[in-house]
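Have a look at the structure below, then the notes.
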Amino acid sequence: MSRRLSGGAEALIALLLAVLSAAWALRGAAGPGPLLVGDPDHPDTLANHWLLDWTAQRLRDGQQLWFNADYYWPVGDQPVLAGNGADGLLAAPLLALWPWPAGALAYAALQRIFDGLAGWALGRALGLRGAPALLLVPALCLSPSALVEASAGRWTQAGTWPLLLCFAAGLRLCRRPRAGGALGLGLALALTGGLYWYYAWFALLGLLLIGALAAPGRRAWAAAGLGTGGGLLVLTPWLWAFLRSWAQIPGVDEAPDVGGQRLREALTAAGQLLVAAPGPARAACLSAPLLLLGALGAAEGPRRQTRALIGVGVVFLALGTGDWGPASPFALLYDQLPLLRRFWWPLRHFVVVHAMIAALAALGLAALGRRAGASMGARALIGAAALAAIPAGAALQGAPDRVALHPIPWPQAAWAELAGWGPGAVVQPPLSPEAAGSSWPLIAQRAHRHPTVAGHAPWVARGRPAAWDAWATRQPAISALQALERGAPITLRGAELRALAAAGAPHFALDRAALPVELQGVVRALNDGLRAVCGRPKWRDQGVALWDLHACDPAAEVQLHSPWPEGLRPAGPELPLQGRWPAR
């Protein structure tokens, strides 16, 4: 007679597997010194770390989240609306226990664990028990698409567990239409939309397909409709606030180009499920054992379930190929509404493709178990082999199997020093979008806690407030500093710097590591010019010099020039400056 694990024992094993899988994804996290989650060279990583910590800090201080005056001073912007930084709500308790960056690392681990547990819930929703359901823990905790998002510091996209719970709830309702299941679906959908709007859209589209392909009758449709409607009702205040402020978000009126390079990346990804392709398409590579089990599940799994999983996977794979013309699935769907037109990332659909393949693989493992007969030992052996083969196959194929971690020099004495200065904004080069290539100044801002004149990813034209560009043009000192960074000769005047200080920006921070090696001439020119106009820096160490602009001589002026290096392509309107960065 076959024996099964009790529900409690299986839940404990799922939790243990999730913790072990998260530890594997974050291996190296026990290294010396503070660690940054993600690749600091990726243009999104540092800014999203800033947003996570900013949101948590505002919550702890009981302040509003809609408007930010900490950067792009004096204009500010709406980072939560533009970046959907609601992850700060979940990370706040961890960041209260372990200040950034340790709290961010703890939150990254929690996301991986939750993704694994949501995978187990998906397996249970398919009616699976034991090894087949547990297979989904490492498969979705280590989903390459989610790991790539985590390595880019994109918190809202890396945590796929609310989306997975939506699919689990929908599949469960197809098997057992119950009021409790409808309530679970509503809560999962509300959580998904509260954290990331586009995953809520993925959930709605996927649930519609699941219902069309797997719902046994009106009762299942009624339960799913009740749950979906309840979830959308819970989201109504958040959606109202979001749409009410829609026009204030930079970049919402643009018509993004999702063809070209993005199309080539997505098409490459669609054909590279077995071999890790270069660039972003690496996110599509899946472990070969998982794909083989998925094929077996598609052939031998329950007809209604496999039909739904295959249907959702195929539709999202088609959408993942991007906009290759007016008749492309992506264009037919995403060109219809402004909210959808703002979605620029076809490759992100592979999050759902991976989940559907993993679910089919769980059905495939169940089919193998049935072939092994009633022996619990044989089934356990097959399950253990599958659990080990999935991460091993991914590693051999070169698929992403870990989250990037980077040591950071934290804290810096310079920013601790600046934190003790009086109120006022900080002027920190680069101020010209064309010379910007890193968001390290934002990380420094989280330490010294002064507003900064520049802001989040200034090289991204669509994300930079137009009002800030207009303000910078009207400020003689800011315009001159921007021109110097672009390679033009300028006159640095003490009177203009004093006027900037009087307007509320009295602190000047010159960090050589904020500009690439190719633009170190700008650093040298500014160092010499500020010494001539404002005297010796008030503080200097670790490659950072700090001046108080109130000390500038209003009668002093100096000519400065640092030609733009030949062959260095300016940053913008989307990409950061590509250069060699000084060691920190």
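Only a predicted model underlies this, so the values are computations on that prediction, with no experimental measurement involved.
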Report summary line: Minimal heavy-atom distance between A18 and C141, with the atoms involved, is O-SG, 4.3 Å
Query raised in the report: What distance separates R124 CZ from L171 CG, expressed to the nearest 0.5 Å?
Result: 14.5 Å
Report task. Could you check E149 against W155 for side-chain hydrogen bond (donor to acceptor under 3.5 Å, both in side chains), going step by step and ending with a plain yes or no? Result -> CA-CA 7 Å; E149 298 285 15; W155 305 103; over 6 Å; no
Query raised in the report: If we only count heavy atoms from C-beta on, is the L105 to L405 side-chain gap below 4.5 Å?
Result: yes
Query raised in the report: Rounded to the nearest 0.5 Å, how far apart are CG of L165 and OG1 of T192?
Result: 7.0 Å
Query raised in the report: Only one of N48, D44, D87, T45 forms a side-chain hydrogen bond (donor to acceptor under 3.5 Å, both in side chains) with R154, so which one is it?
Result: D44
Query raised in the report: What do the steps show when you test D115 against S143 for side-chain contact (heavy atoms from CB on, under 4.5 Å), and what is the final call?
Result: CA-CA 9 Å; D115 275 10; S143 169; over 6 Å; no
Query raised in the report: If only atom types and distance count, is the side chain of R175 paired as donor or acceptor with the main-chain N or O of A125 below 3.5 Å?
Result: yes
Query - Near-ring test H456/W50, centroid separation under 6.0 angstrom - result: no
Query raised in the report: Shortest non-hydrogen contact from P144 to H354?
Result: CD-ND1, 3.9 Å
Report task. May I have the step-by-step check of side-chain contact (heavy atoms from CB on, under 4.5 Å) for L317 and V352, ending in yes or no? Result -> CA-CA 9 Å; L317 180 64; V352 178; over 6 Å; no
**Report entry** From Q157 atom CD to R348 atom CZ, the distance as rounded to the nearest 0.5 Å
**Finding:** 4.0 Å
Query raised in the report: Hey, does the side chain of Q305 reach the backbone of L126 with a donor-acceptor pair shorter than 3.5 angstrom?
Result: yes
Report task. Output the distance between atom CG (L17) and atom CG (L117), rounded to the nearest 0.5 Å. Result -> 9.5 Å
**Report entry** Polar contact flag, side-chain donor to acceptor under 3.5 angstrom, Y196-W201
**Finding:** no
Query raised in the report: Stepwise, does the side-chain contact (heavy atoms from CB on, under 4.5 Å) test hold for V315 with L319?
Result: CA-CA 6 Å; V315 169; L319 292 172; 4.2 Å; yes
Query raised in the report: Can you name the nearest heavy-atom pair linking A169 to G184, along with the distance?
Result: CB-C, 4.4 Å
Report task. Over all heavy atoms of both residues, which pair between A22 and I113 is shortest? Give the atoms and the distance, please. Result -> CB-CG1, 3.7 Å
**Report entry** Y334-H349 aromatic ring centre distance below 6.0 Å
**Finding:** yes
Requested in this report: For residues L195 and T156, determine if any side-chain heavy atom of one lies less than 4.5 Å from a side-chain heavy atom of the other.
Outcome: no
Query raised in the report: Could you walk me through whether L140 and T160 pass the side-chain contact (heavy atoms from CB on, under 4.5 Å) check?
Result: CA-CA 9 Å; L140 292 177; T160 62; 5.9 Å; no
**Report entry** Partner of F316 under ring pair (Phe, Tyr, Trp, His ring centres under 6.0 Å), chosen from F330, F350, F202
**Finding:** F202
Query raised in the report: If you measure from the Lys or Arg side-chain nitrogens to the Asp or Glu carboxylate oxygens, is any gap between R27 and D401 under 4.0 Å?
Result: yes
Query raised in the report: Is there a side-chain contact between L365 and L296, using heavy atoms and a 4.5 Å cut-off?
Result: no
Query - For L360, the option from T306, L290, L293 that meets side-chain contact (heavy atoms from CB on, under 4.5 Å) - result: T306
Query raised in the report: Can you find a pair of side-chain heavy atoms, one from L205 and one from L333, that are under 4.5 Å apart?
Result: yes
Requested in this report: Quick one: pull up CG in L95 and OG1 in T55 and give me the separation to the nearest 0.5 Å.
Outcome: 10.0 Å
Query raised in the report: Are the side chains of L15 and W120 in touch, meaning some heavy atoms are under 4.5 Å apart?
Result: no
Query raised in the report: In a check of side-chain contact (heavy atoms from CB on, under 4.5 Å) between L46 and each of D39, L36, L442, which one passes?
Result: L36
Query raised in the report: With no hydrogens and no angle check, do the side chains of W459 and E434 hold a donor and an acceptor under 3.5 Å apart?
Result: no
Report task. Keeping the roles fixed (side chain from Y199, backbone from P162), state whether a donor-acceptor pair exists under 3.5 Å. Result -> no
Query - Heavy-atom closest pair, residues V37 and A150 - result: CG1-O, 4.2 Å
Query raised in the report: Side chains of M356 and I310: does their closest heavy-atom pair fall under 4.5 Å?
Result: no
Query - S439 versus A457, closest heavy-atom pair with distance - result: OG-N, 3.8 Å
Requested in this report: Could you check if a side-chain atom of V148 sits within less than 4.5 angstrom of a side-chain atom of L347, using non-hydrogen atoms only?
Outcome: no
Query - CG-CZ distance between L122 and F167, expressed to the nearest 0.5 angstrom - result: 9.0 Å
Query raised in the report: Taking the side chain as C-beta and beyond, is there a heavy-atom pair between R464 and D469 under 4.5 Å?
Result: yes
